[in-house]
Structure formats: structure tokens, C-alpha cells
Amino acid sequence: MKKVLVIGGGGREHAIVDALSHSPQVGKIYCAPGNAGIAQLADCVDIKDDDVNALKSFALAHDIDLTVVGPEVALSVGVVDEFRNAGLKIFGHTMSAARIESSKEFAKELMMRHGIPTASYRSFSDYEEALKYVHSNTFPMVLKYDGLAAGKGVVIASTIDEAEQALKDMLLDKSFGKGSVVIEEYLEGPEFSFMCFVNDREVLPMPLAQDHKRVFDEDKGPNTGGMGAYTGLDFISLKDRDYAFHEIMCKAAMAMADEGLPLTGVLYGGLMKTQNGIKVIEFNARFGDPETEVVLPLIKTDIFKIFSFDFSECEWNNTYSLGVVMASKGYPTEYKKGFEIDGIDEVSIKSYHMGTKIGDDGKIVTAGGRVLMLVACGDDLQNIRKQVYSELNKIRCSNLFFRSDIAKQYKS
């Protein structure tokens, strides 16, 4: 039986661990650092997801057969490179290949070189030059920090004041660190997420999903890491999906391979269906979160085989899935931690822990902005939507909130 290490400690990693726990090949799962929910399926190891040397030492000492990388930060500091240099098997991209996410400018240049449809853009590292550019253009416009920002480094500016504040945050105050800003044309249309398993030039598609980024109902308030997601998108036709797969996802994988930066993990396409066709909003170099929590429960194939780069088959259940995130009050800005959570064991559907830990008294407490995600699967999206919202009422915590309209716009 195989021993597997999963790097990370959020809902995405809980979904990965859950999928691995159903593999007949896997006998032991470790997770670094894990969380209170993951601890029910795996041995949690107190190692941070960016502590490459400690992770490598653990994998070597425990004869780990395969490591699966969850978060982008681990990829960006070269955990895959270090593991492979040590002769360890690992699912994830090298540090250079992960630039497709860690540098917005690199990704845009790649798309321009290889004819992958995306918004027009300019890149700036100088505040005054960027300011002059925004003053000479029309609104709305999109400003993106050129680096990792945990899903929060994007501002859709409707006014010059909003654009100036975003530039100040990104270039003067360096809110996300030192870096440049990519300013893009504003595109309109519904967004969706397309994740694929990639091994060099082999590309396996996963079911499409739609994430809900805004913190409040009716897509109001600031962007978050994601407040809920679902699969089974009524606005994407088979023709749309085929185009997105062949002309965007496969073409991106081939482009990276052609440039000597082969992808060996998950490629996430944040896409938009515009009046002028499907275009790329962003690429990520790993599983999306919260999309993973609604996509992976649908897999029929042994996921250990996929993570071992055996792409000979990959079957999915032809059903719907939907999940709603419970977050700490105040998220995505300031929030408090340490609030006790009751009722999780009463929930009859999947409950993925995103930001939890075991408190001093042995009770599960909040430990992050996004805390839990309840997920259901079934043949009718509206029925599972009702099921999820009914189950949410079983969770008792004084400091959690959730959106009430995830997938409400779906036309059954």
C-alpha cells in the first residue's frame, strides 16, 4: 500500500485527501500542515506548506511514495524541483512552470505569443507611468498585481479614484509585496473555471465549474477567495467547452512545453464567455479553491493513478455538485479566530474544512477567513442546492456567515 503526502491545509487539500482516501492503492495519508477536518482522514504534520527543506526531509524519512501539492505558494518556492532532485515523486509544477500563475505578465506574454485569446493589456512597475495610463483610458478597467495575492490582487476599477487607490496599494504601499501591475481591458460575460490534469503534452479535462467571488449576495462587496461553486453550467455549450479545451487549455499546455517549461500538475483556466468568444481571465498552476471541492467528488477513476501521471483513463460521474462556503464575519478583511463550531458531525453531506483547528479543549474552532464548505452531489442541481442550504443550518457558530444565492441564477 502506498504512502502519500499532501501539502497544504485548506478545503482544497481536504478534498484531495478525501479523494485519495478512496483509492485502493493508498494505505497511509499525511498532510502538512492539514486542519481539523483533514485530521479525520490523514496524519497531520506540523510543517508549513512553504518549508521546502522540512517537507523534503519528512518525505525521505517516511518513505513517501507520492506527494501532491495543493497551494500555489509551495509551487512558487520550488518544492517540486527540490523533491525531484531528491528522487521523490511529486504531482505539481516546477517553479519555472508555475510562473504561468505567479507572474501575470509572463502569462499574458505567453498567450500573446501563442495566439491564446485574452484581454489586451499593458504592464507597469512605475506608479506615475501607470497613473498616466489609467487617466488616458476608459472605465471600467482591470488592475492585477503581477504576483501571488491569494486571489485578492485583482481590482475592477469603475472610477479614476478606484484605479488610483489600487495603484497606490500595489505599487506604492506594496500591499502584496514588491511587483508590477498589469492593466487590462475590461471584458464582460459570465466567468467559469476549467481545470485540467496536465503532464507535458497530455491534457485531461475535469468538469467545468463556476465560482462565486464576491463576498455578499447578488455579487456585491469585495472579491474573496471564493464563497461557493457548482458544476453543470447551463450557459456553456458542448461547442464552447470543446473550444475552451482545444484552443485554450491544450494550446497553453503545448505552449509551455514548446518553451521548455512543461506543466506537470493541474492547469486552471479562469475563463469568460464574452460576446467575442471565450477568453482567458487568468491561469493558475494548481487546483482552484473552492472549485476543487465540487469537482473532485465527481471523479470515478482512482485519483492515485492520475496523480502518478497515468492518464490512460479518467471517468467522471455525470451528475451535478454544489458547495457553499461558511466564512468568518469580517472576511475578506479583518476577522477574529477561535470561535467554537458545533454540529459538523450532524451534517449528512460532505463538509470540507477550509480554516479550522483543534482548540485547547479538544473542540473544533475557526482558524481562517473561509472556514467550512458543505458540498452535495446529485442528478438535480436545484434539489442539491436546497439540500446544502438545509444542512448549513445544522452548523452552530456565532461568527460564521454565508451567501444565500450560490447557483441561484441557474435555469433548470
Side-chain angles (χ1 to χ4, degrees), residues 8-14 33-37 48-50 70-73 76 142-159 161-179 181 211-229 284 288-290 293 323-344 351-361 363-374 392 395-406:
R12 164 183 49 211
E13 289 75 34
H14 195 172
N35 61 40
K48 291 182 178 179
D49 54 21
D50 60 354
E72 58 270 30
V73 65
S76 69
V142 183
L143 297 92
K144 296 180 178 180
Y145 172 70
D146 185 33
L148 299 178
K152 303 182 187 71
V154 178
V155 173
I156 299 173
S158 301
T159 66
D161 288 343
E162 291 176 359
E164 286 184 2
Q165 184 60 51
L167 290 176
K168 182 175 179 293
D169 289 342
M170 296 177 189
L171 292 177
L172 294 184
D173 297 342
K174 297 179 174 57
S175 297
F176 304 110
K178 188 177 180 181
V181 171
D211 179 18
H212 292 62
K213 284 289 186 190
R214 299 284 186 171
V215 68
F216 300 127
D217 283 9
E218 299 177 5
D219 288 330
K220 294 180 179 178
N223 273 339
T224 70
M227 295 298 293
N284 290 333
D289 190 351
E293 290 92 316
V324 178
V325 171
M326 304 188 82
S328 297
K329 291 178 180 177
Y331 174 79
T333 53
E334 294 184 8
Y335 57 86
K336 295 180 180 178
K337 304 176 184 179
F339 290 83
E340 187 176 319
I341 311 169
D342 284 320
I344 299 176
S351 57
Y352 291 124
H353 292 231
M354 307 180 91
T356 65
K357 69 175 185 178
I358 304 296
D360 295 336
D361 58 358
K363 299 287 185 71
I364 295 175
V365 299
T366 64
R370 294 184 300 168
V371 177
L372 289 170
M373 185 173 179
L374 301 196
L392 284 166
I395 304 295
R396 298 180 294 278
C397 180
S398 63
N399 200 52
L400 294 181
F401 77 98
F402 55 87
R403 279 183 58 162
S404 66
D405 63 345
I406 302 302

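One is the number of the first residue; the rest follow in order along the sequence. All heavy atoms count here, side chains included; hydrogens, waters and symmetry mates do not.
Summarising the geometry, atom NZ belonging to K363 is positioned 12.0 Å from atom CD1 belonging to I341; distances are rounded to the nearest 0.5 Å. Remark: K213 NZ to M227 CE distance equals 11.5 Å, nearest 0.5 Å. Atom-to-atom distance recorded for L172:CG and E164:CD is 10.5 Å, nearest 0.5 angstrom. Taking CD1 from I406 and CG from D211, the interatomic distance works out to 8.0 Å, rounded to the nearest 0.5 Å. Rounded to the nearest 0.5 Å, atoms CE (M326) and CD1 (I395) are 6.0 Å apart. Interatomic distance, D405 CG to D219 CG, rounded to the nearest 0.5 Å: 6.5 Å.
In this structure, E340 contributes its side chain and V365 its backbone to no donor-acceptor pair below 3.5 Å. The closest donor-acceptor contact from the side chain of R370 to the backbone of G225 lies under 3.5 Å. A donor-acceptor pair under 3.5 Å is formed between the side chain of R214 and the backbone N or O of G221. S328 places no side-chain N or O within 3.5 Å of a backbone atom of Y331 that could act as its donor or acceptor partner. Put simply, the side chain of Y335 gets close to the backbone of G369: a donor and an acceptor are under 3.5 Å apart. Remark: side-chain polar atoms of T366 are paired, donor with acceptor, to backbone N or O of F339 under 3.5 angstrom. Looking only at distances, no side-chain donor or acceptor of S351 sits under 3.5 Å from a matching main-chain atom of L374. Between the side chain of N35 and the main chain of G9, a donor-acceptor pair closer than 3.5 Å is present.
Closest of all the heavy-atom pairs between T356 and V371 is CG2-O, 3.6 Å. Considering all non-hydrogen atoms of both residues, M354 and M373 come closest at SD-CB, 3.8 Å. Shortest non-hydrogen contact noted between G226 and P290 is CA-CD, 3.8 Å. In this structure, M170 and V155 approach most closely via the heavy-atom pair CE-CG2, 4.0 Å.
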Between I364 and H353, does a side chain to side chain contact (heavy atoms under 4.5 Å, CB included) hold up when you go through it step by step? CA-CA 10 Å; I364 295 175; H353 292 231; 4.0 Å; yes
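Heavy atoms from other residues, nucleotides or ligands lying under 6.0 Å from NZ of K48 number 12 at most. Around atom CG of D360, no more than 12 heavy atoms belonging to other residues, nucleotides or ligands sit under 6.0 Å away.
Judged by distance alone, the side chains of D161 and Q165 never bring a donor and an acceptor atom under 3.5 Å apart.
Shown here are the side chain to side chain donor-acceptor pair (under 3.5 Å) partners of K220, two or more places apart in sequence or in another chain: E218. The side chain to side chain donor-acceptor pair (under 3.5 Å) search around D50 returns none, not counting sequence neighbours.
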